Trainee: 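Can you keep this structure in mind? I'll have questions shortly.
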There are 2 protein chains.
Amino acid sequence: MKKKITISDIARELNTTASTVSRALSDDSRISKAKKKLVWKKVSELQYQPNSIASALRKGKSNVIGVIVPTSDRQFFASFIRGIEEIVREEGYRLIICQSDEQYDKECTSIDSLLNIRVDGIIASVAKNTVDFSHFKKIESQGVPLVLFDRVIETMNVNLVYSDDYYGAYRAVSHLIEQGCRRIAHFAGKQHIHIYQNRLKGYLQAIRDHHLPVDDELIIETDLIHDTYSILEIGKVLAKKLSEMPERPDAIFSSSDFAAMGALQFFKENNIAVPDEMALVGYSNDFSSSVIEPSLTTLDQHTSHMGNEAARHFLYQIITKPEYFKPRKTLLKPELVIRNSSLRRNVIPT
Amino acid sequence: MKKKITISDIARELNTTASTVSRALSDDSRISKAKKKLVWKKVSELQYQPNSIASALRKGKSNVIGVIVPTSDRQFFASFIRGIEEIVREEGYRLIICQSDEQYDKECTSIDSLLNIRVDGIIASVAKNTVDFSHFKKIESQGVPLVLFDRVIETMNVNLVYSDDYYGAYRAVSHLIEQGCRRIAHFAGKQHIHIYQNRLKGYLQAIRDHHLPVDDELIIETDLIHDTYSILEIGKVLAKKLSEMPERPDAIFSSSDFAAMGALQFFKENNIAVPDEMALVGYSNDFSSSVIEPSLTTLDQHTSHMGNEAARHFLYQIITKPEYFKPRKTLLKPELVIRNSSLRRNVIPT
DNA sequence: ACCGCTTGTGCAATCGTTTGCGCAATACGG
DNA sequence: CCGTATTGCGCAAACGATTGCACAAGCGGT
């Protein structure tokens, strides 16, 4: 192990003290230009690397933001993280990324470690089974800025960034109705998760607004959070179930791209024409939805934009005095990306 | 800001000193069981959160590993990161993830910040344009353990984890030949990157070993590192070029799944039958390659396994005395995942 | 009664930076 | 020539946990 050189080493060589060097490095106005030059010269000469640990300890600020995601290998979360990074990197913040793997206890330990290393803030999306929020309350109570995104906890008074799932679903279903669909099924996610609840609400409202009957049989609640290949399978199974109904539906709005794609594969294998006999809309605009045949209509949530917003919320909270601070909530509208799985050729666009 | 409670607060309440508390918490044998109980009780009573910054400063160890990836929104890197995490989390290490965005200068600053915060090690894949390696040398010279993966620098004497690209390519091309293909084109990546170089070598060797002619016209070198949608386009353009050749090739081995998929889309649009007129093999086994129609044959690199290995290399180096330490190199064999894009029906499997 | 040993605890320095405060030197106005 | 700014820098105390060393008390053996 080579001995690391410190601020005092520099000071010694320059016949001055650590304080002066420190101030010179932080461009303090009380240090003369000449001295600063000298210091900078020595710094590069000795290849000095500041020790941010020491600095963090003294300043009580680590310049690190903790990010907790259920999993980082979904495009959704990956591009969200990229979105955060884009914004905070120029302010000198680094990210430390924890995966909860959708498990409550990993979520807890992640939060603990992040607090231990004294992150300056935490940006998180809650795991699918989390119903107790005391660990998030702890973050607040320690005075650490918190931003929740996507799977948020609406009852907590913190910064929020989420997508307007109600709108997205409403938009998707209205689109299907415009295409002439009259019996629209819905692959709904587990209803204790807000986003899935809102998508179901949007679905219902759209149906009602267009004076169509709501059929509970067509609403299938299932766990849409798994690895991609499993959800694909789930989609196939559900598609089979729907196709065997006496009065077969003519469209599906799925809360997951992958379930929609699984369904699509089933229909192709069983010669049910998509979109003409069965139109499909997914959710999230995963890359794969653009290459599957027919390509899948879906909702793009502009995830990296969500990341940007989350980052900005954090930065805003940092510069605001606690007594003046009020949490901010951003609700972003998803965009319907219309592709072939829902585009019937004999329909005249309105 | 609520005042954080420290080890000395605990000590004061217990009429003892910080040293005793510290030792009690680290389960030092010199502290009596009784005292330890008392300490633990107070700890939970006061909701004490250890300050790892202070600890890191004193111990010269942060329990953080820096990971540098070109981009985290590729499945490849995401699952690699997951692979690392799996192994190191139980040893108490956290990950801090930096994206170089394939840019040399971001790579440099990432390394600098990681060294500043005194990470215990760095696991990195080099950016596509990096040709000067002094920043990686710096990591070594500071005595910080380094593991390079996938896009490695073979001339550096550090831990390496990479995939046997030569083997993968050889395997892919042999498979195409077994399927009856005789004029096989190759979408090659830029040749200053080792992995693409090795894939080209594997391609060439397989052709030669099967006594087929090598046609330079069929080898197209192009930049395969971009966002997915752009590579898709590149694939289409190249496919067009190939399809217009007087002697049209009957197969493509692409160093990128996305380029292969782009080509596939072009062939479908232009009624060139895949795999019968044109067989296709991609590289990486991205999820989308399984849903495109026909599904794409490709090479799976077992990325999360690569992550496991990288993590183990790091842990090994950590526990080994520098004077006994020798870098370890792991070369993993990719697996050919045979799907419909290359599977000709009239071929009897051998 | 004395010595040595074990067991449990405290003292104080240390990790590398930052920062409030004080002090000298110079400048400037009257 | 004195008083008051202004400029430039050093002293020393933090930040919170860790750790080498000393030391005290208790015990047993001679």
Side-chain angles (χ1 to χ4, degrees), chain A residues 1-39 42-43 46-64 92 113 115-120 142-143, chain B residues 1-39 42-43 46-64 92 113 115-120 142-143:
Chain A
M1 296 291 151
K2 232 180 51 183
K3 178 127 177 312
K4 307 270 189 339
I5 75 131
T6 76
I7 214 177
S8 341
D9 296 331
I10 309 225
R12 195 174 331 105
E13 298 233 353
L14 256 36
N15 281 318
T16 175
T17 62
S19 0
T20 304
V21 176
S22 169
R23 282 196 259 258
L25 291 178
S26 62
D27 205 30
D28 188 298
S29 64
R30 290 175 301 175
I31 303 293
S32 65
K33 299 245 185 296
K35 204 87 184 177
K36 281 180 191 165
K37 276 241 176 72
L38 281 176
V39 169
K42 263 292 172 239
V43 160
L46 298 183
Q47 291 241 57
Y48 164 73
Q49 291 268 357
N51 184 329
S52 4
I53 300 267
S55 164
L57 175 60
R58 174 63 228 239
K59 298 209 285 193
K61 188 166 190 319
S62 61
N63 273 274
V64 170
S113 342
L115 291 177
N116 282 357
I117 65 170
R118 299 295 192 267
V119 290
D120 292 339
Q142 304 238 341
Chain B
M1 296 286 154
K2 233 179 54 182
K3 177 127 177 316
K4 307 271 184 351
I5 75 130
T6 76
I7 213 177
S8 342
D9 295 332
I10 310 227
R12 194 173 334 104
E13 299 235 351
L14 256 37
N15 280 319
T16 174
T17 61
S19 2
T20 303
V21 176
S22 169
R23 282 196 258 260
L25 291 178
S26 61
D27 204 30
D28 188 298
S29 64
R30 290 173 302 174
I31 303 291
S32 65
K33 297 244 184 299
K35 204 87 187 177
K36 281 181 191 166
K37 276 243 175 66
L38 282 176
V39 169
K42 262 295 171 238
V43 160
L46 298 185
Q47 291 241 59
Y48 164 72
Q49 290 269 356
N51 183 328
S52 358
I53 300 265
S55 165
L57 175 60
R58 174 64 227 239
K59 298 209 284 195
K61 187 166 192 318
S62 61
N63 274 273
V64 169
S113 339
L115 292 176
N116 281 357
I117 65 170
R118 299 297 193 266
V119 292
D120 293 339
Q142 304 238 341

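The sequence lines fix the lettering, A, B, ..., with proteins before strands; numbering per chain opens at 1. This structure is a prediction, so every number in the text was calculated from the model and none was measured.
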Trainee: Once rounded to the nearest 0.5 Å, what's the spacing between atom OG of A:Ser8 and atom CD of A:Glu13?
Mentor: 12.0 Å
Trainee: Could you give the distance from NZ (A:Lys4) to CZ (B:Arg118), rounded to the nearest 0.5 Å?
Mentor: 5.5 Å
Trainee: Look at the side-chain N and O atoms of B:Thr20 and state whether any lies under 4.0 Å from the OP1 or OP2 oxygen of C:dG10.
Mentor: yes
Trainee: Got a second to check how far A:Ile53's CD1 is from B:Arg58's CZ, nearest 0.5 Å?
Mentor: 14.5 Å
Trainee: Side-chain N or O of B:Tyr48 versus OP1/OP2 of D:dG16: is the shortest distance under 4.0 Å?
Mentor: no
Trainee: Tell me: CG of B:Asn116 to P of C:dC15, nearest whole Å?
Mentor: 19 Å
Trainee: Determine to 10° how strongly the helix from C:dA1-D:dT30 to C:dG30-D:dC1 is bent, judged from the axes of its five-pair ends.
Mentor: 60°
Trainee: Nearest whole Å is fine: how far is D:dA17 P from B:Lys59 NZ?
Mentor: 12 Å
Trainee: In whole angstrom, what separates A:Lys61's NZ from C:dT17's P?
Mentor: 18 Å
Trainee: To the nearest Å, how far apart are A:Lys4 NZ and C:dC15 P?
Mentor: 14 Å
Trainee: How about B:Thr6 and B:Asn51: do any of their side-chain heavy atoms sit closer than 4.5 Å?
Mentor: no
Trainee: Grab the two heavy atoms, one from A:Asn116 and one from B:Pro50, that are nearest each other, plus how far apart they are.
Mentor: OD1-O, 3.4 Å
Trainee: Minimum heavy-atom separation for A:Ala11 to A:Ala18, with atom names?
Mentor: CB-N, 3.6 Å
Trainee: Round to a whole Å and report the spacing from CG of A:Asn15 to P of D:dC11.
Mentor: 12 Å
Trainee: Counting the atoms with a prime plus P, OP1 and OP2 as sugar-phosphate, which does B:Ser55 contact under 4.0 Å by heavy atoms, base, sugar-phosphate, or nothing?
Mentor: sugar-phosphate
Trainee: Report yes if at least one side-chain N or O of B:Ser22 is closer than 4.0 Å to OP1 or OP2 of D:dT18; otherwise report no.
Mentor: yes
Trainee: Classify the side chain of A:Arg58 versus the base of C:dT17 as yes if they form a donor-acceptor pair under 3.5 Å and no if they do not.
Mentor: no
Trainee: Mind checking whether B:Lys35 and B:Thr16 have side chains closer than 4.5 Å, heavy atoms only?
Mentor: yes
Trainee: From CG of A:Asn51 over to P of C:dT14, roughly how many Å is that when rounded to an integer?
Mentor: 17 Å
Trainee: Please round to the nearest 0.5 Å and tell me the distance separating atom OG1 of B:Thr20 and atom CD1 of B:Ile10.
Mentor: 12.5 Å
Trainee: Please report the distance, rounded to the nearest Å, between CG in B:Leu57 and P in C:dT17.
Mentor: 9 Å
Trainee: Any N or O donor-acceptor pair under 3.5 Å from the base of D:dG10 to the side chain of A:Arg23?
Mentor: yes
Trainee: Using a cut-off of 4.0 Å on non-hydrogen atoms, how would the nucleic acid contact of A:Thr6 be classed: base, sugar-phosphate, or nothing?
Mentor: sugar-phosphate
Trainee: How many angstroms lie between CG in A:Asn63 and OG in A:Ser55, if you round to the nearest 0.5 Å?
Mentor: 7.5 Å
Trainee: Please report the distance, rounded to the nearest Å, between CD1 in A:Ile5 and P in C:dT17.
Mentor: 9 Å
Trainee: Contacts to DNA chain C from residues 24-37 of chain A, heavy-atom cutoff under 4.0 Å, which residues?
Mentor: A:Arg30
Trainee: What's the spacing between A:Ser52 OG and A:Lys61 NZ if we round to 0.5 Å?
Mentor: 12.0 Å
